[in-house]
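Here's the structure, in structure tokens; my notes come after.
Keep in mind that what you see is a predicted model, and the values were worked out from it rather than measured. Residue numbers start at 1 and run along the sequence shown.
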Amino acid sequence: MASSLTFTVSRREPVLVAPAKPTPHEFKPLSDIDDQEGLRFYSSGFHFYRNDPSKEGRDPARVIKEAIGKVLVHYYPIAGRLREWPGRKLVVECTGEGVVFVEADADVLLEEFGDAPSPPFPCVKELLYDTESLGSVLDCPLLFVQVTRLKCGGFIFGLRINHTMMDAPGVVQFLTALGEMARAAAAPTVPPVWERELLTARCPPRITHVHAEYEFLAGTDVLTTVPPSDMVNRSFFFGPKEISALRKYAPPHLRPTSSRFDLITASVWRSRTAALGYDPDDEVRVLFVVNARGRRSPPLPSGYYGNALAFPVASSAAGRLSRSPLGYALELVKKAKASVTDEYMQSVADLMVLRGRPHFAMARTYLVSDVTRAGFEAVDFGWGEGVYGGPASAGVGAVPGVASFYTWHRNGEGEEGILVPICLPGPAMESFQMEMESLTERLTEEPAFDPDGTIANMNDIYISSMI
């Protein structure tokens, strides 16, 4: 399996790549949605590319390095450094110092990662620049890129980006522009827009919604006590057959309006809760990263690349969630997702100012971000679309195991679907997998919905493990 693959990566010394032309020196405050404790980390991602014989003699590392200098002329704040003003307010000092670039070679073939590469990836730390040693996001480069050439002529593009600067749609917009520069474009097709003042607190600020996402639960979570070395990453694939099975177990009145995200999140949240062995009375939560770009009036301008997200919450007693049919979790997920409005977003920005920019609550919480429509897989540096584009792993942020990023994926059989990386302690991962397999094995007949609250032929999930 690819997860057991080992290889050696030879890195050159990191270098700073500055904008190719002079850029303004100024201070640009982040928005009050950007500027929250939960986003003060470096998110990471990979893009895998095949060899293209027509590009013989072209070095992807050199091409991308030159393109970075060009794209930073347009995205010059990314070449700056974060500073902290009074009230923990983050601002970018546009210094033009540049971003970190690393050129590397690996003694491995792309084919050795499997027909359809997916997390967990082997040798992750060798393919990404180490930002953990920085200890802070202040006064440090905002972007780290490593291009690793493979023996077959393909390459891996790895990046770490300071999350306060941009969310997933913003990262894709930036990488798309970088790809255009690598393909000799004169300027990005979509000009970048800063305008972070559009998501800034009112004066005076006022909280108008309940924000359970920033209300901390009493007690602890097993995930906070598990050493990172004891955490296990596995990815699970939901194709058309899996989604169809899930939909059949939803209550009839929810089937037409439940999205793939709703169905997957409700089912995984329920099974994950059972696997982690919470007490029946423990409150457990699922947080969703909701893209608010289309929920504002007027909408954010095209080209806005800052964070435009919210973390609405669904919660339940662990015992009730685990015992109830899928419809119970599904109702909670749909209700929470629908709560994000223009005023909700403004209330979050105001809360950040009034409460000291808190971290979203993580105890007994599962955080989900759906980036299937973000377009990571379409980023093209001149070697065509990648065979994989998306997060480097499932567990990110301060507590590994809290978050899952849903990505678009084509499996080894050519089926298109959603890939869900899961990060759990070893024993919990085995329980989670057994829970899924036990549900799968009972799928022998057409499922039937029981209006009294039970499910006939209960195996409402079929999940293909990609490990």
Sequence neighbours excluded, which residues qualify as ring-ring contact (aromatic ring centres under 6.0 Å, His included) partners of F261?
F288, Y406
For the residue pair V9 and A104, what are the closest heavy atoms and their distance?
CG1-CB, 3.9 Å
Looking at W269, I'd like to know if the NZ or CZ of R272 sits under 6.0 Å from its six-membered ring centre while staying within 45 degrees of the ring's axis.
no
Can D105 and R149 be said to form a salt bridge (Lys or Arg N to Asp or Glu O under 4.0 Å), step by step?
CA-CA 5 Å; D105 293 278; R149 293 175 292 252; 2.8 Å; yes
Nearest 0.5 Å please: distance from the CG atom of D139 over to the CD atom of E93.
9.0 Å
Might you work through the side chain to side chain contact (heavy atoms under 4.5 Å, CB included) test for T95 and R83, ending with a clear yes or no?
CA-CA 11 Å; T95 62; R83 315 297 188 202; 3.9 Å; yes
Are any of the side-chain heavy atoms of R81 and C94 separated by less than 4.5 Å?
no
Salt bridge (Lys or Arg N to Asp or Glu O under 4.0 Å) evaluation trace for D35 with R40:
CA-CA 8 Å; D35 192 0; R40 291 190 179 199; 3.5 Å; yes
Is the side chain of S404 donor-acceptor paired with the backbone N or O of P421 at a distance under 3.5 Å, no angle test?
yes
Crowding at NZ, K28 (>12 non-hydrogen neighbours, <6.0 Å):
yes
A314 versus A336, closest heavy-atom pair with distance
N-CB, 3.9 Å
Would you please indicate yes or no on a ring centroid separation below 6.0 angstrom for F405 and F376?
no
Verify, without hydrogens or angle tests, whether E180 (side chain) and T189 (backbone) share a donor-acceptor contact under 3.5 angstrom.
yes
Is the closest side-chain heavy-atom distance between V63 and K55 below 4.5 Å?
no
Checking the side chain of R247 only, and the main-chain atoms of R255 only, is there a donor and an acceptor separated by less than 3.5 Å?
yes
So do the side chains of E37 and R357 get within less than 4.5 Å of each other, counting heavy atoms only?
no
Would you please indicate yes or no on a ring centroid separation below 6.0 angstrom for Y42 and Y129?
no
Taking all heavy atoms of T6 and all of C123, pick out the closest pair and write down the distance.
CA-SG, 4.2 Å
Whether R196 and D32 form a salt bridge (side-chain N of Lys/Arg under 4.0 Å from carboxylate O of Asp/Glu) is what I want to check.
no
Can you see which heavy atom on I156 is nearest to which on L127, and at what distance?
CD1-CD1, 4.1 Å
With rounding to the nearest 0.5 Å, note down the distance linking CG in L367 to CE in M362.
9.5 Å
Donor-acceptor pair, N233 side chain versus P120 backbone, under 3.5 Å?
no
Heavy-atom side-chain proximity of L178 to I68 below 4.5 angstrom:
yes
Working for side chain to side chain contact (heavy atoms under 4.5 Å, CB included), residues L72 and V99
CA-CA 9 Å; L72 287 177; V99 305; 4.1 Å; yes
Donor-acceptor check, side chain of R260 to backbone of F238, threshold 3.5 angstrom: yes or no?
no
Where do F157 and L175 land on the side chain to side chain contact (heavy atoms under 4.5 Å, CB included) test, with the steps shown first?
CA-CA 11 Å; F157 175 93; L175 292 180; 3.9 Å; yes
Applying salt bridge (Lys or Arg N to Asp or Glu O under 4.0 Å), run through R410 and E416 and close with a yes or a no.
CA-CA 4 Å; R410 180 182 289 113; E416 295 184 358; 2.8 Å; yes
Taking side chain as C-beta onward, heavy atoms only, is S43 less than 4.5 Å from F41?
yes
Backbone of P119 reached by a side-chain donor or acceptor of S235 within 3.5 Å
yes
For R293 versus N291, what's the shortest heavy-atom pair and its separation?
N-OD1, 3.0 Å
For a salt bridge (Lys or Arg N to Asp or Glu O under 4.0 Å) check, start with the C-alpha distance between D59 and R62, then their side-chain angles and the critical distance, and finish with the verdict.
CA-CA 5 Å; D59 177 7; R62 181 185 59 78; 5.5 Å; no
Side chain of N307, backbone of T164: donor and acceptor closer than 3.5 Å?
yes
Side-chain touch L198/L300, heavy atoms, less than 4.5 angstrom:
yes
Residue that, paired with F113, satisfies ring pair (Phe, Tyr, Trp, His ring centres under 6.0 Å) out of F46, F7, Y388:
F7
Would you sort out whether Y214 and Q36 count as a side chain to side chain contact (heavy atoms under 4.5 Å, CB included), showing the intermediate values?
CA-CA 11 Å; Y214 300 104; Q36 50 184 298; 2.6 Å; yes
How about H211 and F311: are their ring centres within less than 6.0 Å of each other?
no
Does any N or O in the side chain of R270 come within less than 3.5 Å of the main-chain N or O of L330, such that one atom is a donor and the other an acceptor?
no
Can you label the angle between the Y49 ring and the H47 ring as parallel, tilted or perpendicular, going by 30° and 60°?
parallel
Hey, are the side chains of M166 and Q173 touching, using non-hydrogen atoms and a 4.5 Å cut-off?
no
With the threshold set at 4.0 Å, does a side-chain nitrogen-carboxylate oxygen contact exist between E111 and K151?
no
Non-neighbouring partners of W383 that pass ring-ring contact (aromatic ring centres under 6.0 Å, His included), sequence neighbours left out:
F155
Going by ring-ring contact (aromatic ring centres under 6.0 Å, His included), name the residues that satisfy it together with Y75, two or more places apart in sequence or in a different chain.
F174, Y305
Is K337 reaching over with its side chain to a backbone N or O of D262, donor-acceptor style, under 3.5 angstrom?
no
Measuring only between side-chain heavy atoms, which start at C-beta, is K65 closer than 4.5 Å to E103?
no
D167 side-chain N/O to A308 backbone N/O, donor-acceptor pair under 3.5 Å
yes
Interatomic distance, CD1@I422 vs CD@Q433, rounded to 0.5 Å, equals 10.5 Å
Measuring from atom CG of L90 to atom OG of S31, what distance do you get when rounded to the nearest 0.5 angstrom?
10.0 Å
Between atom CD of E377 and atom CZ of F48, what is the distance when rounded to the nearest 0.5 Å?
14.5 Å
Distance check, rounded to the nearest 0.5 Å: F381 atom CZ versus R58 atom CZ?
12.5 Å
Contact summary for T200 and E197, nearest pair of heavy atoms
OG1-CA, 3.2 Å
